[in-house]
Amino acid sequence: MAKVALVTGSTSGIGLAVAHALAGAGMDLALHGLVSPDEGDALAQEFKSQYQIKTLFSDADLRNADSIADLVQRTQVELGSLDVLVNNAGIQFTAAVEDFPRQKWDDIIAINLSSAFHTIHYAVPAMKKAGWGRIVNIASVHGLVASVNKAAYVAAKHGIVGLTKVVALENVETGITCNAICPGWVDTPLIAKQIDAYAEKEGLPLEEAKRKLITDKQPMPDMTPPENIGQLVLYLCGEFARTMTGTTLPIDGAWTAQ
Ligand code: NAD
């Protein structure tokens, strides 16, 4: 039987690349993200015909715990199980702590941190029964170090690193591993907004703004292609990674080496 993966936020960026990597390895897929049902269904159909796998699409809003419970249950019922859970969906907002809007704080904590608790909470019992499971949390370098103006994001990402370690420890004898990936700059729509804003603020051409913004924190001036994160997730799903659990894996152009 093919393994079944749920990748949150897989309509865009890193999540979409992770979905391609897992589908390429023959896994059935629950695709998820905030796009219209038509767009989501078209994406699910595209994956189905490209990879000859079973798919579903959900636009569950991850700020709502009941919707998350439904998402996990729907995956298990419609695709037969949930073996690989990738908590990837996330948003960003930047402002100094005294200017940080309360709603933005609540949304970022809900989407970037609490949603991973809820998916794991609902997915683990069946993984335990099956004696096998892989949980991969897409954290960030901001799960390991901080930057100014990112109070909610840094708090959520440090939180998900802690959650990863607890889930790993609780499952050392169950066949389930839980790891966090900590990317530096990755070329996705989430980052494009930050580059546009920086270019406008500094009055710089886009390419120069991009290089300056990246190298301000990350020694290697290249962004990580999202596909590279997909391959790392795939590695963590394999049997070679059976004893790799509770780790935080930077893929960050030496950002956190400093
Ligand atoms: P993206 O903006 O391209 O994609 C985000 C995805 O999350 C989309 O599918 C979107 O629909 C979904 N999403 C957002 N809000 C949601 C909500 N309320 N309910 C359900 N789904 C929702 O972003 P990305 O750059 O691919 O980021 C993916 C993850 O990687 C995030 O957790 C982000 O923090 C992390 N990350 C990104 C970078 C980077 O440089 N891009 C670096 C480190 C970590």
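All ligand and atom numbering here is 1-based and tracks the order in the structure. One-based numbering along the sequence shown.
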What do we get for I91 next to ligand 1 when only non-hydrogen atoms under 4.0 Å count, side chain, backbone, both or neither?
side chain
Show me which atoms of ligand 1 lie under 4.0 Å from any heavy atom of I191.
39 (C), 40 (O), 41 (N)
Got the closest protein heavy atom to atom 5 (C) of ligand 1, with its distance?
G90 O, 3.7 Å
Just wondering, more than 12 heavy atoms not from Q73 lying within 6.0 Å of its CD?
no
Can you tell me if C182 contacts ligand 1 (heavy atom of the residue under 4.0 Å from the ligand)?
no
Should L62 be counted as touching ligand 1, given the test is an N or O pair under 3.5 Å?
yes
Evaluating non-hydrogen atoms only, which member of S10, G143, S58, G184 is closest to atom 42 (C) of ligand 1?
G184
In ligand 1, which numbered atoms sit nearer than 4.0 Å to a non-hydrogen atom of I14?
26 (O), 30 (O), 36 (N), 37 (C)
Select one of side chain, backbone, both or neither to describe which atoms of L190 lie under 4.0 Å from any atom of ligand 1, heavy atoms only.
both
A110: heavy atom below 4.0 Å from ligand 1, yes or no?
no
Please indicate whether any nitrogen or oxygen in T11 is less than 3.5 Å from any nitrogen or oxygen in ligand 1.
yes
Checking heavy atoms under 4.0 Å, the part of A139 that sits near ligand 1 is backbone
Smallest separation among heavy atoms of K150 and H142, with atom names:
NZ-CE1, 3.8 Å
With atoms numbered from 1 as shown, which atoms in ligand 1 lie under 4.0 angstrom from a non-hydrogen atom of Y153?
33 (C), 34 (O), 35 (C), 36 (N), 43 (C), 44 (C)
What I want to know is whether S140 and ligand 1 share at least one N or O pair that is separated by under 3.5 angstrom.
no
Which residue holds the protein heavy atom closest to atom 32 (O) of ligand 1, what is that atom called, and what is the gap in Å?
N88 O, 2.7 Å
Which residue owns the protein heavy atom closest to atom 16 (C) of ligand 1, what's the atom, and how far is it?
L34 CD1, 3.5 Å
Which residues pass the salt bridge (charged side-chain N to carboxylate O under 4.0 Å, His left out) test with D61, sequence neighbours left out?
R63
Can you tell me if M223 has a non-hydrogen atom under 4.0 Å from ligand 1?
no
Proximity to ligand 1 by part of T188, non-hydrogen separation under 4.0 Å:
side chain
Which protein non-hydrogen atom lies closest to atom 4 (O) of ligand 1, naming both residue and atom, and how far is it?
S12 OG, 3.6 Å
Part of V186 within contact of ligand 1 (heavy atoms, under 4.0 Å)
both
Any nitrogen or oxygen of G33, side chain or backbone, less than 3.5 Å from one on ligand 1?
no
Please state whether N112 comes within less than 4.0 angstrom of ligand 1, counting heavy atoms only.
no
What part of K157, side chain, backbone, both or neither, has a heavy atom within less than 4.0 angstrom of ligand 1?
side chain
